[in-house]
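Contents: one structure, followed by commentary.
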Amino acid sequence: MKHAFPCGCLPLDLVGTLRARRNERPRECLETPADLDDWLDQSGLLPGSHTATPAVLADALVLREAIYALVWARLHGEALPEESVALLNLHASAPVLAAELLATASSAGWRPRGTAAEALGNIARQAVAIIGGPDATLLRECARPECTQVYLDHSRGHRREWCSMKTCGSRVKAAAYRARKRDEALA
């Protein structure tokens, strides 16, 4: 799997497609329309779709940064940037993805059907619900300095520190362990 989805929340996972955003050289995970198609496929939002164009990719990157600006404002108790609000609302007004029933000889199921642009609308509507709703108080940024992933803290006690225990949490704890062992050896 090329992309990571540590948040369990597509708008925040989209924000995470620009890794280590405060570093001198952040890593862009959505460089081509095919990357966006892969992300939409792996997220489960639009499986098997190949509808992203360069214009839709550009829209996705602008939407991602608008979501980040709004989340940043919520995290720091600041007023929401008007331009980002307008952009998010514009994307949220896009047509919805259709639901397609699948029936095969062995099973039945369903999948979303539509375009990458419609999928961005879905992500924008979810972001509106998070940023404008009660979940806004659960927004956090990963405590690992190199990581800038934002997530919703649904942990008991709301004391989660990392976007993912498998990645950032593990790295921070391993580094702390090595530092303690090094200090013990020097003492």
Side-chain angles (χ1 to χ4, degrees), residues 3-33 35-46 49 51-97 112 114-154 158 160-164 168:
H3 299 285
F5 301 90
C7 299
C9 170
L10 291 181
L12 302 182
D13 285 327
L14 178 64
V15 166
T17 60
L18 183 62
R19 304 269 168 82
R21 65 176 52 242
R22 286 190 295 273
N23 286 2
E24 187 176 317
R25 293 176 136 185
R27 194 179 103 206
E28 178 62 69
C29 297
L30 300 177
E31 294 180 321
T32 68
D35 291 337
L36 179 57
D37 281 333
D38 287 344
W39 188 87
L40 291 170
D41 180 35
Q42 291 173 22
S43 74
L45 183 58
L46 202 55
S49 174
T51 63
T53 63
V56 172
L57 174 62
D59 284 347
L61 299 180
V62 170
L63 175 62
R64 175 188 70 194
E65 295 311 307
I67 293 169
Y68 183 72
L70 294 165
V71 166
W72 179 262
R74 279 288 188 239
L75 284 168
H76 295 91
E78 298 174 0
L80 298 178
E82 290 180 26
E83 185 177 315
S84 297
V85 169
L87 191 100
L88 185 63
N89 287 336
L90 176 67
H91 278 280
S93 68
V96 299
L97 291 169
T115 66
E118 292 167 345
L120 294 179
N122 184 292
I123 292 168
R125 285 184 288 281
Q126 290 178 36
V128 166
I130 292 167
I131 296 163
D135 280 349
T137 62
L138 302 177
L139 287 165
R140 305 283 187 274
E141 186 174 47
C142 185
R144 188 170 73 94
E146 299 80 26
C147 183
T148 54
Q149 181 70 53
V150 288
Y151 59 91
L152 292 173
D153 182 4
H154 289 291
H158 304 294
R160 180 173 157 193
E161 296 182 55
W162 303 290
C163 60
S164 170
C168 291

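For the numbers below, each heavy atom of this structure counts, side chains included, while hydrogens, waters and symmetry mates do not. All figures in this text were calculated on a predicted structure; none of them were measured in a lab.
Put simply, CG on Asp13 and CZ on Arg64 are 12.5 Å apart, with the number rounded to the nearest 0.5 Å. Going from atom CG of Asp35 over to atom CG of Leu40 covers 11.0 Å, rounded to the nearest 0.5 Å. Note that CG of Asp59 and CG of Leu90 are 8.5 Å apart. Values are rounded to the nearest 0.5 Å. Remark: Leu97 CG to Thr115 OG1 distance equals 7.0 Å, nearest 0.5 Å.
When every heavy atom of Ser43 is checked against every heavy atom of Leu10, the shortest pair comes out as CB-CD2, 3.5 Å. Residues Leu12 and Gln149 approach most closely at O-NE2, 2.8 Å, considering heavy atoms. The shortest non-hydrogen separation linking Ile123 to Trp39 is CD1-CZ3, 3.6 Å. Closest heavy-atom contact between Ala119 and Leu46: CB-CD2, 4.1 Å. Of all heavy-atom pairs spanning Glu28 and Thr17, the tightest one is OE2-O, 3.6 Å. Heavy atoms only, all atoms of each residue included: Ala94 and Ala117 are closest at CB-O, 4.4 Å.
Without hydrogens or angle criteria, Arg125 side chain to Ala92 main chain gives a donor-acceptor distance under 3.5 Å. In terms of modelled atom types and a separation under 3.5 Å, the side chain of Glu65 and the main chain of Ser84 share no donor-acceptor contact. Here the side chain of Asn89 pairs no donor or acceptor atom with the backbone of Ala86 at under 3.5 angstrom. Counting only distance, with no hydrogens or angles, the side chain of Arg74 and the backbone of Leu138 share no donor-acceptor pair below 3.5 Å.
Here the side chains of Leu88 and Leu63 are in contact, with some heavy-atom distance below 4.5 Å. Residues Cys29 and Arg19 are in side-chain contact: their nearest non-hydrogen atoms beyond the backbone lie under 4.5 Å apart. Leu18 has its side chain out of reach of Leu61: every pair of non-hydrogen atoms, C-beta onward, lies at least 4.5 Å apart. Taking 4.5 Å as the limit, every side-chain heavy atom of Ile130 sits out of range of all side-chain heavy atoms of Val71. Side chains of Leu14 and Leu30 form a contact here, defined as non-hydrogen atoms less than 4.5 Å apart.
Asn122 and Gln126 share a donor-acceptor pair across their side chains, judged by distance under 3.5 Å alone.
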Extract all donor-acceptor atom pairs below 3.5 Å that involve side chains of residues 51-58 and protein atoms in other chains or at least two apart in sequence.
from  : atom 1 : to     : atom 2 : distance (Å)
Thr51 : OG1    : Ser49  : OG     : 3.2
Thr51 : OG1    : Ala116 : N      : 2.7
Thr53 : OG1    : Ala55  : N      : 3.4
Thr53 : OG1    : Val56  : N      : 3.1

